[in-house]
Amino acid sequence: QVQLVESGGGLVQAGGSLRLSCAASGRAFSSYAMGWFRQAPGEEREFVAAISRSDGSTYYADSVKGRFTITRDNAKNTVYLQMNSLKPEDTAVYYCVGERGGAVSRRANSWDYWGQGTQVTVSS
């Protein structure tokens, strides 16, 4: 069983930056696709970003493209989400996800592993 633990959330003013980290347990991290979803109050979980297991290809929701960057460090079993130019509408609980087959999907139910989430609040 893989455990994902997020950190780095917090309160930031609009226009500011945060970097989320997700540490994964287990030895097979490099074989997983990894990603981030978010969920705002009263909303469904939505795809934010993902990174492939092989060539490091990255994928982003249109709403964050150009502002957020996903990276991974396989030596540290960690995936990151650098968030710049934050907006109040980015306020949500952010979840780290992993897919053991290495497939990237924008659908929440395609991901095998979920972290507990970390709160990001952007004030106007």
* Structure fact -> dist Thr78:OG1 -> Arg72:CZ (nearest 0.5 Å) comes out at 10.5 Å
* To do: Using a 4.5 Å cut-off on heavy atoms from C-beta on, say whether the side chain of Met34 contacts that of Val97.
  => no
* Should Val122 and Tyr95 be counted in the same cluster of Ile, Leu, Val, Met, Phe, Trp and Tyr side chains packed under 4.5 Å apart? -> no
* Asked: If two hydrophobic side chains count as joined below 4.5 Å and joins carry through other members, does Val120 share a cluster with Tyr80?
  -> no
* Could you state whether Val104 and Tyr94 fall into the same hydrophobic cluster, counting links through intermediate Ile, Leu, Val, Met, Phe, Trp or Tyr residues with side-chain heavy atoms under 4.5 angstrom apart? => no
* **Trp111 six-ring centre to Arg100 NZ/CZ under 6.0 Å and within 45° of normal** => no
* Asked: Which value, rounded to the nearest 0.5 Å, describes the distance between Thr71 atom OG1 and Gln82 atom CD?
  -> 8.5 Å
* Same cluster (ILVMFWY, side-chain, under 4.5 Å), Val93 and Phe68 -> no
* Asked: Going by an N to O cut-off under 4.0 Å, is there a salt bridge joining Lys65 and Asp62?
  -> yes
* Within 45 degrees of the axis of the six-membered ring of Phe47 and under 6.0 Å from its centre: does Arg107 put its NZ or CZ there? -> no
* Please tell me if the side chains of Thr91 and Gln119 come closer than 4.5 Å, counting only heavy atoms from C-beta onward. => yes
* To do: For atom CD of Gln116, decide whether the heavy atoms of other residues, nucleotides or ligands shown that lie under 6.0 angstrom number more than 12.
  => yes
* Asked: Are any of the side-chain heavy atoms of Val79 and Trp36 separated by less than 4.5 Å?
  -> yes
* To do: Identify whether Phe29 and Trp114 are in the same connected component of the hydrophobic contact network (ILVMFWY, side-chain heavy atoms under 4.5 Å).
  => no
* Asked: Please walk me through it: do Tyr60 and Ile70 pass side-chain contact (heavy atoms from CB on, under 4.5 Å)?
  -> CA-CA 9 Å; Tyr60 297 96; Ile70 186 171; 3.5 Å; yes
* Structure fact -> side chain to side chain donor-acceptor pair (under 3.5 Å) pairs touching residues 9-32, sequence neighbours excluded, are Ser17-Asn84
* Charged tip of Arg106 within 45° of Phe37 ring normal and under 6.0 Å -> no
